[in-house]
Structures are given as C-alpha cells and as structure tokens.
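Everything below concerns the one structure shown next.
In what follows, chains carry the letters A, B, and so on, assigned in the order in which the sequence lines appear, proteins first and then strands, with residues in each chain numbered from 1. FYI, side chains are in, hydrogens and waters are out, and symmetry mates aren't considered; it's all heavy atoms of this structure.
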Number of protein chains: 2
Amino acid sequence: MTTIQDVAKAAGVSAMTVSNVINGHPNVRRTTREKVLEAMARLDYRVNVAARNLRKGRTGTIGLAVPEVNSPYYSRLAAGVIAAAARRGLRVGIEQTGATRESELDALSLSRNRLYDGLLLSAVGLGQTDAERLAPDQPVVVLGDRITGGPVDHVGMPNLEASRAAVTHLVERGCRRIALVCGAVDEVDTSSLRLAGYRQALTDAGLPHDPELVREVSRFTLAEGARCARDMVTSGLDPDGVFCVTDTLATGVLRGLADTGVPVPGRVKVIGFDNIAESAYLVPSLSSVDPDHDAMAEHAVALLAARIDQDEPPPRYEEFVSGFTLVIRESTGGP
Amino acid sequence: MTTIQDVAKAAGVSAMTVSNVINGHPNVRRTTREKVLEAMARLDYRVNVAARNLRKGRTGTIGLAVPEVNSPYYSRLAAGVIAAAARRGLRVGIEQTGATRESELDALSLSRNRLYDGLLLSAVGLGQTDAERLAPDQPVVVLGDRITGGPVDHVGMPNLEASRAAVTHLVERGCRRIALVCGAVDEVDTSSLRLAGYRQALTDAGLPHDPELVREVSRFTLAEGARCARDMVTSGLDPDGVFCVTDTLATGVLRGLADTGVPVPGRVKVIGFDNIAESAYLVPSLSSVDPDHDAMAEHAVALLAARIDQDEPPPRYEEFVSGFTLVIRESTGGP
DNA sequence: TTGTACGCGTTATCAT
DNA sequence: ATGATAACGCGTACAA
C-alpha cells in the first residue's frame, strides 16, 4: 500500500504538495506537478478513500433503502436515483429491507453512523409515528405513502388524483362495475390512498359502491394478480373494468383473465399504475398511470443533497408530489 | 458528534474499554459494561464507520458494477448479490456503467481506491485483454461472457449448452426454419456464444444454416425485439421458430408478432433466455432457459469474499458456470 | 510555492 | 480487567 507519504518522498516534496496535485489546487509549479504525477504513476499510488472520508466527515455515498430491488418499480427508482446521484458525484449503497420495519430502522442507523451521508428511504414498514422519532438533523428523504408532512422531506405520488383519473377513464370507456385490486387498507398507505381515489371517481360518476368489488391481495405480485383475477371470474363477480394499484398486479390480472377466457378489452377493461417498461409490450398492451419516475428520483436526490449540505435542521420540510399522465393502450380500448 | 472519547470520559473509563464494550469483547466487568452502555445511550453515541474503516483497512462494502439496474435481468442479479452479501455482513454499492468500457474501468478504480473491499463486475465493455491488465491481488469477480479463464475469478452461464437445448426443443416441437434474435456477433460475448449453441443444434438436427435467419438487434430491449419481429414478418422471412438471447427481447418479439397477426405458438414458436419473473405471466407465457440466478449471485459473492479474505494473489482463478433448466410454456406449445 | 504539525475517531499492542 | 500509546492515511491551518 503506497501512501501519500511514499509518493512525497519519491518525488522529493511534502505530502501536502502531493495532496495539492491530487486535488488540482492551483499553486503548484508545473515541474513539481509533473515530478509528483510521475512518482504517483511509478508507485501505482491510490488515494485511500476511507482516510479521506474520515478527514472530511463525508463519505460521498448516500443510502437507498427499498423493500427489494428485484421489481420493475423499485429497480427503475434505483436506476433513477443512482443516475441522479452520479450527476452530483455521489455514489449509492442499496439496502434491501424486505419491507420490514426493523430493516428500515437498521438502514436509518447505518446512515446515522456516517456510513452514508444521507438516506433515501422507501418506507413501507415504518409509519408516521416512527418518522416523528427521527433526529431532526439527520439527512433523510422519505419516499412512498406511509409518511408525509414531516418531520422529514418527502417525495410522493399524486395517488388520489391519479387513481381518480384512471377510474374515470374506465367510466368514460363505458365501465359500470369497476373492481379495484389493492393491498390491505387498514392503514395509510398506497392502497388506502388509491382506494380513496377510486371511490371518488365512482361518486363523481354516480356509480354505486359495491364493497365486493374491492379486492385485497396479500402482496403486489404477478401471482397474486393472476389469482385475484381468476377469483373474480369464477366467483361470478363479473366486473367490466379493473383498476390495479400497480402494473405488476395488472400484468398478473391480464394473465388471470386470459386463463379464464375473458377477453380484454372486449369484456373487461384493465388499467394499472406505474407505467413500467413492460406495460407497453404486453398483449394486450396495458393502460397505466405514469407518475414521472425520473422527476421523483431527481427531486429525491436533490432534496437529500441539499439537506446534506446544511448542518442546521431545516426551518421546514419539503413535500414533493410528482405529476402524472394517463397512458391509454389496448387494455382499455386504445387511444 | 459525540466520540468514543466523550463516552469514555463520561463513563470514567478509557476509550479502549468503550471500544471493547462496543465490539463485545469478553474481558469487561459487568458493572463497567453497564456504566459504558449507559453513557453511550445518554450521549446518543454513534460509531463512526469512516474511522473504523480507516483503522481496519476494510470498508465492509463491495461494489457491483452493472450496465443498468433497471432491467429484469440485472435487477434480479443485484437483488441476489445484495442478499448474499448481507448474509456475510457486507453491504453493496451499485455502479451503473451504461455498458461502456470507460465506466467499467472507473468502477475498478473505485475498488482499488479502497472505497470497496472488492468488485463484482458485469463486464460488457471490457474484454479479455483488459482483464489481463488487472492487478493480480485486486479482489474482483467478473460476470458475463466477455472475460473468462483468468486472470480473475469468473461466474458465467452455460451459454452454449443451454442455447443448444433451447433450439433443440424448438426442433422437437416441429420447427424447421428457426430464427435467432441476438446482438452483434463480431466479438466473444453473450450473442456469439449463444449463436454457437444455435448452430450446433441446427447441425445436430441436420437443418440448413440460413444466414438470413440470424437477426441482429442493436440493443437487448423490448422495442428492438418488437421491431425485429415485425421486420421478420413483413420481409417474408417466415420462420416457424424464434430463439431470443434474452427474455426481454422475446417479450418484444411476442408483441411484434401480435402486431402482425402471427399466432404463437400456432404459426411461430418462441423461446427466450433468462426466465425472468414476467415470462410466466405473459400471454402466451414464454418458454425460457432458467440459468439459476440465485446460484450465480451466491457463488459470485462467495468467491469475492474469499478473495477479500486472502492477502496473497491466488494460485489459480476460479471459474463457475451455473446449471440451467428448460422451462416449457405456452409459447412453444406448453409442457 | 512548499513544508510542518496536528487532528479526524477508532482499534491493536503492550503493559499493568 | 483496564489503560496508555501509537498508528491508520489524509487534509488543513499556519508558517516559512
């Protein structure tokens, strides 16, 4: 391990001068600089990032805690975050929390321990009360629908409006018995917010609220979507429209409907949420809500970077809600 | 920022004793330990990971360099790697290289700079000659098909055998004009190896090799797959089977065939490679080669961890090739 | 323009 | 069972 001292000795200068060369400081004579660069190359010198981190009190790395990275939604989020961080010279460490509260708290600890300069937390296990226990000076940005309104910065989706728009679209396409495929709705989260939008749209259209049409699944997976669709058909529920709270669920639903011989969009129309890349290429292609992933990732990183750069707790916490667009494809009858 | 010194002072002991408490060393009296723990809690002490890293010469983090994380294949790889690393108490930093040689070299530098204890590199831009310039003592495990046989450890897929099996399956289902959808094949890489397997299978079956049936796409994307399928149909190529080198391409191909009204598997049978999660839920569901992702991730991390634990350059480099299974679904006529 | 001295927070070694 | 001291490698005042 050659150190900066070794290079200094080999080049006949002080370590300080080597440091100045490395960091591109101006006050170094050309000849000196070249001597130093030559010595660095000859000794195959590498800066020790750990030492630099200790000295600077910064690691140049932010953490991203997500339930899992192997899902279209979270991997897209991760890609956007990594790219946005790279634009700012930051690296990203990824923690998979498995959607458990405990793992999410662990990720927060790692950040407090200065392994990360700050943390982007996709909260699924944690709730609002946990957020209130966060240290106010800890650079944290929360994503998702479980925590809003401080005391942390938050980046979220326009759940209510977008869901309402999606269901209204189904109504406009002639649907009258519209099912919702969502998760458990006992707490404030993605499912409960999108359920609210669904209900508003029904009310707007003067349609009845049939509780039977709200179908809860245990997880947002392809398998659960397919199972749920088959259940709906075999139980004789007979919806003519289905709004799924994620595209992954919707993909499973399309498959389940195919299994039971129900034509889409002929007999049932389907719309999802997230507009994942695959949706445009399914057969039939899937209509979806596009929440502007890139803007979310960019804003989340920007907020976190800003927090990292200020030592003081902020006067107020930011709330960013992305825009959305409705992407109409074959599963609801096409554009 | 309370330091270990602050805690020591508050507890009336030395910093060393505090360190011993933190790290669970045995020789600490019960009463002392409790005093220290109390002081730590009272002062809200957090270990400084950067300082610990400097002292230990380890960061406890490995790097994973992949072209992009927003793809079913790489996000699954990342998920497996993160989980395998977590089982060993390691964290994972992710670098997106955009498949460029330069970015892959950057990732190697970061690792050399001891930001990471070691690097898992999905090589796409780098080739065998680059590998030969790697420092022999640098803990690196290469994934993918561009670099094999040292001087680094390597984890790969059974490209030739698996491709051969996939195409042979098409033959057994009655296909005689089998197209291959792959990338450019001018170098040793995934496409060229799978092309070789494709050719072997044709030869095995006594089928002619029609160069027209080898279709090159510029990227392994859904869009390219769809475009390629439409090209094949409109140009009158008229294949009765298609082997795609990735499931993402195959998903696009299914869509392209649907666009042109070609029934699958009735008129054309399609098989992919990777067995991504979505494949089982497409309509029609997609037959595919399953390369045992979990074993690959686990082995890659195990190899890297082993390299990190030895200071000496290894006597020889390891080569791990995963097993595979053929998963037969509707796109080739079902099981 | 270059060099000196010291601090960053932790832990290993050695001694008590 | 506990403590003193010295690194780990780099960056920053400050001095020259």
Side-chain angles (χ1 to χ4, degrees), chain A residues 1-40 43-61 89 109-117 311, chain B residues 1-40 43-61 89 109-117 311:
Chain A
M1 296 289 103
T2 76
T3 74
I4 204 171
Q5 312 286 347
D6 300 333
V7 175
K9 208 162 294 173
V13 300
S14 76
M16 191 55 237
T17 303
V18 179
S19 175
N20 282 334
V21 170
I22 293 171
N23 299 304
H25 284 227
N27 291 348
V28 180
R29 212 177 320 175
R30 276 268 305 264
T31 56
T32 314
R33 177 192 312 284
E34 276 153 20
K35 259 194 316 190
V36 170
L37 288 174
E38 184 277 329
M40 282 174 48
L43 300 181
D44 191 28
Y45 168 75
R46 310 278 166 167
V47 293
N48 186 320
V49 180
R52 177 181 283 172
N53 288 346
L54 174 59
R55 177 66 229 201
K56 298 225 236 197
R58 288 276 173 85
T59 66
T61 300
S109 289
L110 290 176
S111 181
R112 294 226 69 187
N113 291 355
R114 281 153 287 186
L115 173 67
Y116 300 129
D117 291 342
D311 326 316
Chain B
M1 296 287 107
T2 75
T3 76
I4 204 171
Q5 313 285 349
D6 300 334
V7 176
K9 210 162 292 174
V13 299
S14 77
M16 196 56 236
T17 301
V18 178
S19 175
N20 284 334
V21 170
I22 293 170
N23 298 301
H25 284 227
N27 288 347
V28 179
R29 214 178 318 178
R30 276 267 307 265
T31 55
T32 314
R33 175 190 314 283
E34 276 154 18
K35 257 194 319 193
V36 170
L37 289 174
E38 184 276 329
M40 282 173 48
L43 300 180
D44 191 27
Y45 166 77
R46 309 278 165 170
V47 295
N48 184 322
V49 179
R52 174 180 285 174
N53 288 347
L54 173 59
R55 180 63 233 202
K56 295 224 225 198
R58 289 276 174 85
T59 65
T61 299
S109 289
L110 289 175
S111 180
R112 295 225 70 188
N113 290 357
R114 283 154 286 185
L115 173 67
Y116 300 130
D117 292 341
D311 323 317

Exercise. Between S14(A) and dG3(C), does any side-chain N or O lie under 4.0 Å from OP1 or OP2?
Worked result: yes
Length of the line joining [X]:[atom1] and [N]:[atom2], which is rounded to integer Å:
| X | N | atom1 | atom2 | result |
| --- | --- | --- | --- | --- |
| R52(A) | dG9(C) | CZ | P | 19 Å |
| Q5(B) | dG7(C) | CD | P | 12 Å |
| H25(A) | dG3(C) | NE2 | P | 16 Å |
| I4(B) | dC8(C) | CD1 | P | 14 Å |
| N23(A) | dT1(C) | CG | C1' | 17 Å |
| K56(A) | dG9(C) | NZ | C1' | 18 Å |
| N20(A) | dT2(C) | CG | P | 9 Å |
| M16(A) | dT1(C) | CE | P | 14 Å |

Problem set entry | Strand-adjacent residues in residues 29-37 of chain B, judged by heavy atoms under 4.0 Å from DNA chain D | R29(B), T32(B)
Problem set entry | Pair D117(B)-K56(B), salt bridge (Lys or Arg N to Asp or Glu O under 4.0 Å): steps then yes or no | CA-CA 11 Å; D117(B) 292 341; K56(B) 295 224 225 198; over 6 Å; no
Heavy atoms, side chains only, cut-off 4.5 Å: are [X] and [Y] in contact?
| X | Y | answer |
| --- | --- | --- |
| H25(B) | S19(B) | no |
| R46(A) | N113(B) | yes |
| D44(B) | R112(A) | yes |

Rounded distance [0.5 Å steps], [atom1] in [X] versus [atom2] in [Y]:
| X | Y | atom1 | atom2 | result |
| --- | --- | --- | --- | --- |
| I4(A) | N48(A) | CD1 | CG | 10.5 Å |
| T59(A) | L54(A) | OG1 | CG | 12.0 Å |
| R52(B) | I22(B) | CZ | CD1 | 6.5 Å |

For this session: Could you tell me whether L54(A) contacts a base, only the sugar-phosphate backbone, or nothing, with contacts defined as non-hydrogen atoms closer than 4.0 Å?
Result: base
For this session: For N53(B), answer base if it contacts any base atom (sugar-phosphate contacts may also be present), sugar-phosphate if it contacts only those atoms, and nothing otherwise; contact means non-hydrogen atoms under 4.0 Å.
Result: nothing
For this session: Name the residue closer to the 5' end of DNA chain D, choosing between A15(B) and R55(B) according to the nucleotide with the nearest heavy atom.
Result: A15(B)
Seminar exercise, completed: Nt span of DNA chain D in reach of chain B heavy atoms at under 4.0 Å, 5' end first, is dA1(D) to dG9(D)
For this session: Return the minimal non-hydrogen interatomic distance between Y45(A) and T3(A), and the atom names on each side.
Result: CE1-C, 3.5 Å
For this session: Go through the structure and list residues passing side-chain hydrogen bond (donor to acceptor under 3.5 Å, both in side chains) with T32(A), not counting sequence neighbours.
Result: none
